Amino acid sequence: MSGVDKSVRVRFAPSPTGYLHIGSARTALFNVLFARANNGTFILRIEDTDRNRYVEESMEDIKESLSWLGLMWDEGPGVGGDVGPYIQSERLDIYKEHADRLVETGHAYYCFCTPDRLDELRKAQAAAGEPTGYDRRCRDLPEEEVRRLLDEGVPSVIRFKMPLEGATIVEDVLRGKIRFENRLLDDFVLMKSDGYPTYQLASVVDDHLMKISHVIRGDEWINSSPKHVLLYKAFGWEAPVMAHLPVILSQSGGKLSKRHGATQLREFREKGYLPEALVNFLALLGWTSPDGEEVLDFDQMVSSFSLERVGTSPAVFSYDKLDWLNGVHIRRLDPDEFSDRCIPFLQRDGLVSNPATSEEVAYVRKVAPLLQERVKLLSDISDMSGYFFTDEITHDPSLLVPRKMSKEETASVLRKSLEVLEGLDDFSESALETMLRSLVDSLGLGTRQVFMPIRVAVTGSTATPGLFETLHVIGKERVLERIRKAIQVLQEQ
RNA sequence: GGCUCCAUCGUCUAGCGGCCUAGGACACCGCCCUCUCAAGGCGGCGACACGGGUUCAAAUCCCGUUGGAGCUACCA
């Protein structure tokens, strides 16, 4: 029965150095999916131990972005929990205490080397083609010497005393055993001279104190995992299960960068990606559902998620596929819901006032659904629906006149259409369809030859939703006015 | 340079020794539907990096080569 009822506790531990990155969001998602799939607990922990890189707004952005994605944490900033605080800068005394303990037990030592010396050392090593790393000058300083320097207030750090031989095996659930030769590992820093811990110390101490059962993180951490394993050993603690997720690459093969599109979650949000689609897409980057289904909602992912189906090879971020998936999820939305989600974008582009009036909301709910299966990004809505909101239509004769028809013929068709529509009191879709189709018959023309001029006359565009529904929503008066203008344009030519 | 990870269509992937003349999805191309654009339906193009082993049998296991990526800080 050992381990069976050990509860699953996972954490997402971003550092507040900028806006939430899409790759971090993927890591957060996998942690949440694993937690939910195992009735576990998802913890958010802020790793703000680097005072130089700290960015004020990022903490808020991280929380906002996770919430927007629907990845709520059970313990962490804002919600509390039994093993807090969950912000590392509020746990400084804990790290100090643990670092001291390692010094006392002979697993760590004070180092008084200056950054300048370390820098020169590194340069010299690199120039000589040697592996870089600390030369352990302070590792065996006499105790009195250490005390003296400490008393004098000479700046110092605490370093881990790496075993000089042997090997450390890291067990990764996704990849199996990974072997590291200890002699190639550095005497890494545990406590910085400013009193802050390094990631290595803080994350190990916190993961243990917060009873983390599984560490699921990006694979850029693989190389520091032996340090963590050794730290657990030095403290006499049991290490959590580790899983290193494959990296996400940009389309050029390197790290995901701005060059190829958005990288921050907020950018995706602003471009009009749905959280449903983003989460679905991110899950597919490294994981596959047992039945091979690719379009999934959150609950479906939770119910079929397992680490066994997480891969290890790097994945290229494909905007094509994301866009497709976004379209799929948009089409799945309830029409009113879709309309409401379009409103912020219409407001941003000045098509709807802010706040929107109830009339505007009602109108958007008639317009937006017509475009629902045509929109890939919510931000597309403005470009595609302008003619529903403004009466200033630009009539381009080259669009107005269908192929193989003359300007005169087109004008004539529009005049006939105008005449017929003027006499039509019932501007419903079905009445419009009946009316216009019989017009096509009586003119002895093709539907295209009649419908296209009307379409362009009313919308200024050749690509629109169905003609009848479009005319219906725009309404009789505005339709007639636009057709009259189009005729005028043709005549003036 | 050193260490580590990774390696199936352009991309995401299925495949965990025989079911593979390698399946699906995106993208692309063609056809159908059709008032345009989409959506949808049907079809097409297209991959096991290379070389050695192991085995009756290898995309699947092992080794090497090559390639890509990550790490190599008093950053995370």
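In what follows, every chain begins at residue 1, and chains take the letters A, B, ... in the order their sequences are listed. Bear in mind that the values here come from a model prediction, so they are computed numbers and not experimental data.
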Notebook entry, point to check: When rounded to the nearest Å, what value does the distance between C1' atoms of B:C63 and B:G10 take?
Noted result: 31 Å
Note to self: With a 3.5 Å cut-off and heavy atoms only, can you find an N or O donor on one side and an acceptor on the other between the side chain of A:S313 and the base of B:C6?
What the structure shows: no
Notebook entry, point to check: Regarding A:R26 and the six-membered ring of A:F30, is the cationic atom NZ or CZ under 6.0 Å from the ring centre and inside 45° of its axis?
Noted result: yes
Checklist line | C1' atoms of B:C32 and B:U21, separation to the nearest Å | finding: 30 Å
Check: Starting at CG of A:D323 and ending at C1' of B:U11, how long is that distance when rounded to a whole Å?
Finding: 13 Å
Notebook entry, point to check: Reckon A:K192 has a side-chain N or O less than 4.0 Å from the OP1 or OP2 of B:A76?
Noted result: yes
Check: Using the P atom in both, what is the distance from B:G53 to B:C42, to the nearest Å?
Finding: 46 Å
Check: Between B:C35 atom P and A:L467 atom CG, what is the distance in whole Å?
Finding: 11 Å
Next item on the list: Taking the six-membered ring of A:Y134 (Phe, Tyr or Trp), confirm whether the NZ or CZ of A:R159 is under 6.0 Å from its centre and within 45° of its axis.
Entry: yes
Notebook entry, point to check: Taking any strand in view, what nucleotide pairs with B:G1 in a Watson-Crick or G-U wobble way, both distances under 3.5 Å?
Noted result: B:U72
Item checked: Span that lies between the C1' atom of B:A58 and that of B:U8, in whole angstrom -> 14 Å
Margin query: Nearest heavy atom decides the nucleotide; on that basis, is A:V375 or A:L118 closer to the 5' end of RNA chain B?
Written below: A:V375
Checklist line | Gap in Å between the two C1' atoms, one belonging to B:A22 and one to B:G67, rounded | finding: 23 Å
Note to self: Is the distance between the ring centroids of A:Y199 and A:H228 under 6.0 Å?
What the structure shows: yes
Check: Expressed as a whole number of Å, how far does the C1' atom of B:G30 sit from that of B:G46?
Finding: 15 Å
Check: Considering only the C1' atoms, how many Å lie between B:U65 and B:U72, rounded to the nearest integer?
Finding: 25 Å
Next item on the list: Could you tell me whether A:I178 contacts a base, only the sugar-phosphate backbone, or nothing, with contacts defined as non-hydrogen atoms closer than 4.0 Å?
Entry: sugar-phosphate
Margin query: Taking atom types as they are modelled, would you say the side chain of A:R175 forms a donor-acceptor pair with the base of B:C5 within the 3.5 Å cutoff?
Written below: no
Next item on the list: For A:F188 and B:C74, give me the distance from atom CZ to atom C1', rounded to whole Å.
Entry: 13 Å
Margin query: Please name the nucleotide paired to B:A14 by Watson-Crick or G-U wobble geometry with both distances under 3.5 Å, or report none.
Written below: none
Checklist line | Residue closer to the 5' end of RNA chain B, A:E373 versus A:D186 (nearest nucleotide) | finding: A:E373
Note to self: Tell me every residue that passes side-chain contact (heavy atoms from CB on, under 4.5 Å) with A:H98, counting only those two or more places apart in sequence or in another chain.
What the structure shows: A:I94, A:R101, A:V205, A:L209, A:F235, A:W237
Notebook entry, point to check: Between A:R331 and A:E373, does at least one N-O distance fall below 4.0 Å, as a salt bridge requires?
Noted result: no
Notebook entry, point to check: Between B:C20 and B:C9, how far is it from one C1' atom to the other, in whole Å?
Noted result: 15 Å
Item checked: Integer-rounded Å distance: B:G68 C1' and A:I248 CD1 -> 17 Å
Next item on the list: Starting at atom CZ of A:F317, determine the distance to atom P of B:C26, rounded to an integer number of angstrom.
Entry: 17 Å
